[in-house]
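To start, the structure under review is shown below, and the notes come after it.
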Amino acid sequence: MFGIPGKPSVTLTPAAAAQVARLMARDGAAALRIGVRKGGCAGMEYTMDYVSDIDPHDEVVEQGGARIAIAPMAQMFLFGTEIDYQTNLLESGFQFRNPNVVDACGCGESIKFREMDEARGD
């Protein structure tokens, strides 16, 4: 919908692809659907949900046994994003490296995107 033909909106690191594939197999999900919604102290937050059916309007990215479905309204905000999965002594989770984010809250759960006029160069 908002992408470049032949180029997925998001890419997955091998660690993220392996974790998504594990979660899909464990829960019998067709895909992990990602999106964005209003919320958090910076204005927006990522959403992640298992889905058993993929919406026909979702962009589907398949990589390394993982299947990501991207909600239509999130595609323009996620374009160019790399998703990683990191584990350390205190926590583990998905990390979004999104070039469209201009600010984030201290905990990293909430993000702010470049204004649309600014993104177009207006």
Side-chain angles (χ1 to χ4, degrees):
M1 179 180 251
F2 292 100
I4 297 172
K7 182 175 171 120
S9 292
V10 301
T11 57
L12 302 166
T13 65
Q19 182 64 12
V20 170
R22 267 192 300 274
L23 293 171
M24 287 173 48
R26 182 191 75 188
D27 293 338
L32 181 66
R33 188 172 200 241
I34 60 174
V36 294
R37 68 174 176 217
K38 290 186 178 187
C41 54
M44 301 286 279
E45 38 189 26
Y46 295 112
T47 63
M48 299 178 85
D49 300 296
Y50 300 114
V51 292
S52 55
D53 296 310
I54 298 173
D55 185 297
H57 299 290
D58 286 352
E59 176 184 356
V60 177
V61 176
E62 296 188 69
Q63 190 178 326
R67 184 176 302 118
I68 299 288
I70 305 169
M73 294 307 296
Q75 292 170 17
M76 67 181 158
F77 295 109
L78 295 172
F79 192 76
T81 298
E82 178 186 63
I83 301 173
D84 191 12
Y85 186 79
Q86 297 179 350
T87 302
N88 62 42
L89 290 174
L90 297 175
E91 62 186 4
S92 61
F94 290 99
Q95 304 292 316
F96 287 69
R97 295 185 190 111
N98 187 334
N100 305 301
V101 170
V102 294
D103 196 12
C105 67
C107 67
E109 296 292 322
S110 178
I111 51 184
K112 180 179 179 184
F113 293 104
R114 190 176 315 123
E115 297 294 328
M116 289 319 220
D117 291 342
E118 184 183 325
R120 289 191 307 259
D122 294 347

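Owing to the predicted nature of the structure, the values given are computational and were not obtained by experimental measurement. Note: hydrogens, waters and symmetry copies are ignored here, and every other heavy atom, side chains too, is used.
A distance of 7.5 Å separates CZ in Phe96 from OG1 in Thr81, rounded to the nearest 0.5 Å. In this structure, CZ on Arg37 lies 13.5 Å from OH on Tyr46, to the nearest 0.5 angstrom. To the nearest 0.5 angstrom, Met73 atom CE is 12.5 Å from His57 atom NE2.
Remark: of the listed residues Pro8, Ser9, Pro99, Ser9 is the sole one forming a side chain to side chain contact (heavy atoms under 4.5 Å, CB included) with Phe79.
Residue pairs meeting the salt bridge (charged side-chain N to carboxylate O under 4.0 Å, His left out) criterion with at least one member in residues 62-75, sequence neighbours excluded: Glu62-Arg67. Listed by first and then second residue, the salt bridge (charged side-chain N to carboxylate O under 4.0 Å, His left out) pairs that reach into residues 71-90 are Glu82-Arg97, Asp84-Arg97, sequence neighbours excluded.
In this structure, Val60 is not a member of the same hydrophobic cluster as Leu23, with clusters built from ILVMFWY side-chain heavy atoms closer than 4.5 Å. Note: the hydrophobic cluster containing Val51 does not contain Leu32 (ILVMFWY, side chain heavy atoms under 4.5 Å, direct or indirect links).
For Asn88, the CG atom counts as densely surrounded, since its 6.0 Å shell holds more than 12 non-hydrogen atoms of other residues, nucleotides or ligands.
Side-chain atoms of Ile34 and Phe94, non-hydrogen and from C-beta on, never get closer than 4.5 Å to each other. Proximity of Thr11 to Ile83: side-chain heavy atoms (C-beta onward) are nowhere separated by under 4.5 Å.
Judged by distance alone, the side chain of Ser52 and the main-chain N or O of Ala29 form no donor-acceptor pair under 3.5 Å.
The side-chain contact (heavy atoms from CB on, under 4.5 Å) test applied to Ala69 returns Ala31, Arg33, Ile54, Asp58, not counting sequence neighbours.
In plain terms, the two heavy atoms of Thr13 and Tyr85 that are nearest each other are OG1-N, 4.0 Å.
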